[in-house]
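Any value given below was found using the heavy atoms of this structure, including those in side chains, with hydrogens, waters and symmetry copies removed.
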Amino acid sequence: MMDFEKLDLKESYDSVEDKIVEEFLVPLLQNSRKYYRTTGYFASSALAIAARGLFPFIEKGGHMKIISGIVFNKKDIKAIRDGLLRPEEIIEKYILKELESMKNGEIKDRVKLLAWMVATNHLEIKIALRLNPNLNYEDYEISSFGLFHQKVGIFIDEQNKIISFSGSINETKSGWVHNIEEFKVFKDWIDCERKYVQSDLNKFHRYWDNKISLARTYTIPEAAKRKLIDLAPKDLEQLRHLDSDKKKRTDLILWDHQEHAIKIFIEKKSGILRMAPGTGKTITALTIMRTLIEENKIRGIIISTVGNDLLKQWYNLLLQEFRNKYKILRHFEKYKDIQFFNEFIKNEIVIIAVSYQNLTKLIDATDKDLINKCLLICDEVHNIGSEQKLNSLKGKIKQFSYKLGLSATPIRPYDIEGNEFIFDEIGSEIFHYDMENAIRDGILSELEYYPLFYNLSQQDKDGIRNSITNFHARKKTENPMSDTELYRRIANTKKLSMNKLPIFKEFLEKNSQILKKCIIFVQTKDYGLDVQKIVLPHDDNFRTYYSEDQEENLDLFRKKQIDCLITCRKIAEGIDIRSIENIVLFSSSRSDGEIIQRVGRSLRKDPDNPNKRAHIVDLVCQDDLKKPDKEYEASDLKRFKWLQELSLVRRKKA
């Protein structure tokens with residue numbers, strides 16, 4: 001075991017620039033005898049990703065103490081206040097429910113590792129709840145607002161040297177692997193840092209011993225502890241594979257539907273995987289990439305999609321997966337790496353992230369025999385069927401030996417030519433996994449649906465009537481209005497109806513909590529201003545996101561530094577922010593694709609909040625429900641029926 005002073009540690013770490021697991025967590029665990037941690041959320045996945053450090057820690061008698069927050073729903077808090085349940089009983093219920101859900105493959109192994117550590121006294125866990133600050137400690141009650149959210153870690157080595165760290169990172173896989181996180185590091189052998197280390201250590205002990213007035217900690221209830229011990233293997237050697245570099249990375253755990261999708265694509269070489277948002281299409285694609293490279297079937301990979309946000313997300317993921325293994329390039333924003341792709345691919349494996357706009361340029365700049373040795377991944381593939389891209393790419397995508405399309409909604413509404421181009425160049429739909437099945441399988445969260453009904457104003461009705469009159473009047477002219485244009489005009493009138501606003505205002509008066517971890521979709525920036533006026537009295541911690549120059553607001557939302565984001569169509573696709581729980585739909589088009597994408601933002605499972613339940617607030621036009629026979633007036637009815645049915649889908653019991 002190495003003295004802490006001999007470790008090459010930095011003063012601070014940033015997950016964008018640093019490999020925080022390999023460079024910080026693992027070496028410190030390997031050389032520690034104690035690890036104390038306060039965290040807003042804790043998940044067994046955190047143990048598995050640190051397995052290379054954890055096994056030496058265990059073998060040398062290491063002892064870990066974790067204090068984790070937990071989120072109670074309003075019913076639980078009311079039950080405690082009414083004296084119907086004790087906090088320990090609800091904690092027990094949460095833990096037992098989570099253990100029951102973890103039954104697949106490596107997930108089960110992670111729980112077994114956690115169970116073994118609890119059973120052998122290598123790990124103690126306490127749950128912390130925030131108390132009501134308006135009451136004395138003796139008359140405590142659980143607070144209905146605010147969480148225990150401290151994120152501090154403390155390592156102690158054999159020489160009693162201490163290192164503490166604090167920042168934004170939770171003790172979960174997402175915290176250590178996926179999120180953009182940063183934390184500061186303090187060492188007690190450095191004079192100016194010693195006071196910070198001692199403060200962190202003292203505060204941890206005070207939380208652990210229930211000596212802080214605004215929080216109370218609870219040990220794991222006996223029934224949950226017994227369940228854990230029952231899951232524990234007799235021999236830790238049974239779990240050694242978690243520490244094997246020869247195995248798949250622990251953050252690439254595959255569900256059955258992903259395994260099936262991968263097998264189909266490898267056999268067919270071309271086609272579209274249609275997978276509901278949050279069901280792992282990105283991990284599926286990464287596994288396909290890894291498989292084809294390891295089997296020497298490709299020399300290069302081109303990942304193309306639309307929007308800088310999604311391209312950046314892909315690029316960062318590529319760095320996490322393949323840094324120091326393959327050459328990673330990008331061609332978007334200020335980065336212009338197309339010129340290097342053709343040169344590098346002659347001698348090494350190269351992966352590049354490039355926009356659809358520049359995909360033609362990349363193909364034209366690359367030798368045809370090298371293009372034939374590449375995998376092309378088209379993410380949000382429906383976007384490649386636009387008229388402009390169709391004209392520039394026709395016949396060029398066929399050159400690739402492997403062509404993979406990804407989307408939850410690959411069909412372009414009312415665009416026969418665009419759909420034919422996609423299917424001709426990339427291939428047909430070869431796999432489909434929808435939201436209903438994903439909820440039943442426990443891969444997506446269950447949801448609550450709140451339809452808010454409004455009536456069209458006379459101005460709205462006049463606008464719709466004028467659109468219909470214009471449609472019929474132009475039928476016999478040289479410039480007839482298409483059905484699509486009529487539907488668009490009617491939909492736009494409803495999206496901008498001012499009668500939605502007082503209905504939403506009334507709803508917020510009783511349900512302001514919906515603004516936490518929330519995205520509100522509006523049609524225009526001006527309409528968004530009216531929505532902001534309604535939101536402001538209830539929660540001023542919101543931002544807007546309408547254009548590229550507001551990207552920092554999306555980043556703040558991703559980091560949970562703001563509660564609510566008001567936006568247009570911009571983040572309907574692709575962006576993975578798993579903490580989103582609530583969606584408000586002021587604007588939703590006739591397109592099945594758009595509504596699936598928007599609702600899908602909230603259904604993704606959040607490792608930091610395993611009991612998450614999504615809430616969809618939908619402004620529904622009463623006229624659509626009254627006149628279902630007219631297709632151009634029934635778009636809200638179709639959405640209402642689908643969301644109502646989706647809200648009834650329940651997870652299959654283990």
Side-chain angles (χ1 to χ4, degrees), residues 70-82 90 130 132 134 141-147 439 444-455 494-495 497-523 527-545 557 560 562-567 577-588 595 598-604 606 609 611-622 625 636 639-640 642-650:
I70 194 170
V71 180
F72 282 173
N73 61 38
K74 284 193 169 183
K75 290 180 181 178
D76 294 331
I77 294 171
K78 187 175 187 303
I80 294 171
R81 288 178 173 173
D82 293 346
I90 297 179
R130 193 190 194 287
N132 191 325
N134 299 318
E141 66 176 32
I142 304 304
S143 176
S144 60
F145 63 92
L147 303 171
I439 293 172
L444 293 181
S445 299
E446 296 175 358
L447 71 135
E448 301 284 352
Y449 179 46
Y450 304 91
L452 305 182
F453 301 104
Y454 72 96
N455 292 304
K494 290 193 289 185
K495 289 174 185 178
S497 175
M498 301 303 288
N499 276 10
K500 297 177 183 180
L501 297 172
I503 304 296
F504 181 62
K505 182 179 181 180
E506 183 180 351
F507 175 79
L508 271 193
E509 295 294 336
K510 298 178 181 178
N511 302 277
S512 60
Q513 76 281 355
I514 208 79
L515 297 173
K516 306 295 183 183
K517 301 178 182 179
C518 177
I519 297 181
I520 299 177
F521 286 102
V522 296
Q523 178 65 5
Y527 196 95
L529 285 171
D530 290 318
V531 173
Q532 286 174 233
K533 294 173 185 176
I534 297 172
V535 169
L536 187 60
H538 301 281
D539 191 337
D540 61 359
N541 190 24
F542 67 86
R543 297 287 190 280
T544 58
Y545 184 49
F557 184 66
K560 305 178 187 178
I562 58 174
D563 295 331
C564 178
L565 207 60
I566 301 173
T567 185
I577 307 177
R578 293 171 180 259
S579 61
I580 298 168
E581 291 184 11
N582 305 312
I583 297 291
V584 178
L585 297 170
F586 275 97
S587 169
S588 189
I595 184 62
R598 290 185 172 183
V599 170
R601 297 308 102 213
S602 66
L603 298 187
R604 294 169 185 263
D606 183 1
N609 182 12
N611 299 305
K612 170 182 166 180
R613 192 175 186 85
H615 304 86
I616 310 298
V617 179
D618 183 19
L619 279 298
V620 180
C621 179
Q622 288 270 35
L625 307 189
D636 277 24
R639 187 180 71 251
F640 169 71
W642 177 66
L643 285 172
Q644 201 171 43
E645 290 170 3
L646 197 65
S647 70
L648 298 176
V649 177
R650 290 293 176 263

What distance do [X] atom [atom1] and [Y] atom [atom2] have between them, rounded to the nearest 0.5 Å?
{"X": "Y545", "Y": "L565", "atom1": "OH", "atom2": "CG", "result": "8.5 Å"}
{"X": "Q622", "Y": "N455", "atom1": "CD", "atom2": "CG", "result": "5.0 Å"}
{"X": "I616", "Y": "I595", "atom1": "CD1", "atom2": "CD1", "result": "7.5 Å"}
{"X": "R604", "Y": "S445", "atom1": "CZ", "atom2": "OG", "result": "11.0 Å"}
{"X": "S602", "Y": "L444", "atom1": "OG", "atom2": "CG", "result": "9.5 Å"}
{"X": "L447", "Y": "I583", "atom1": "CG", "atom2": "CD1", "result": "11.0 Å"}

For [Y], is there any backbone N or O sitting under 3.5 Å from a side-chain donor or acceptor partner on [X]?
{"X": "N582", "Y": "K516", "value": "yes"}
{"X": "D563", "Y": "L515", "value": "no"}
{"X": "K500", "Y": "F586", "value": "yes"}

Within-4.5 Å side-chain heavy-atom neighbours: [X] and [Y]:
{"X": "D530", "Y": "M498", "answer": "yes"}
{"X": "Y450", "Y": "H615", "answer": "yes"}
{"X": "Y454", "Y": "K494", "answer": "yes"}
{"X": "T544", "Y": "Q532", "answer": "yes"}
{"X": "R650", "Y": "I439", "answer": "no"}
{"X": "F507", "Y": "V617", "answer": "yes"}
{"X": "V584", "Y": "V522", "answer": "no"}
{"X": "T567", "Y": "I520", "answer": "no"}

Shortest non-hydrogen contact from [X] toward [Y]:
{"X": "A614", "Y": "L603", "result": "CB-CD2, 3.6 Å"}
{"X": "D636", "Y": "C621", "result": "OD2-N, 2.8 Å"}
{"X": "Y449", "Y": "S647", "result": "CB-CB, 3.8 Å"}
{"X": "S587", "Y": "K495", "result": "OG-CD, 3.5 Å"}

Is it true that D606 and K612 have a side-chain N and a carboxylate O under 4.0 angstrom from each other? no
Looking at R639 and D618, is any side-chain nitrogen of the basic one under 4.0 Å from a carboxylate oxygen of the acidic one? yes
For I566 and Y527, what are the C-alpha separation, side-chain angles and deciding distance, and is it a side chain to side chain contact (heavy atoms under 4.5 Å, CB included)? CA-CA 10 Å; I566 301 173; Y527 196 95; over 6 Å; no
Is it true that atom NZ of K505 has more than 12 heavy atoms of other residues, nucleotides or ligands lying nearer than 6.0 Å? no
Let me know which of V535, L529, I534 forms a side-chain contact (heavy atoms from CB on, under 4.5 Å) with V531. V535
Quick one: do N541 and R543 satisfy side chain to side chain contact (heavy atoms under 4.5 Å, CB included)? Show the steps, please. CA-CA 7 Å; N541 190 24; R543 297 287 190 280; 4.2 Å; yes
Evaluate the criterion side chain to side chain contact (heavy atoms under 4.5 Å, CB included) for residue pair E448 and R613; output intermediate values, then yes/no. CA-CA 7 Å; E448 301 284 352; R613 192 175 186 85; 2.7 Å; yes
According to the interplanar angle, ranging from 0 to 90°, do the rings of F640 and F453 count as parallel (below 30°), tilted (30 to 60°) or perpendicular (above 60°)? perpendicular
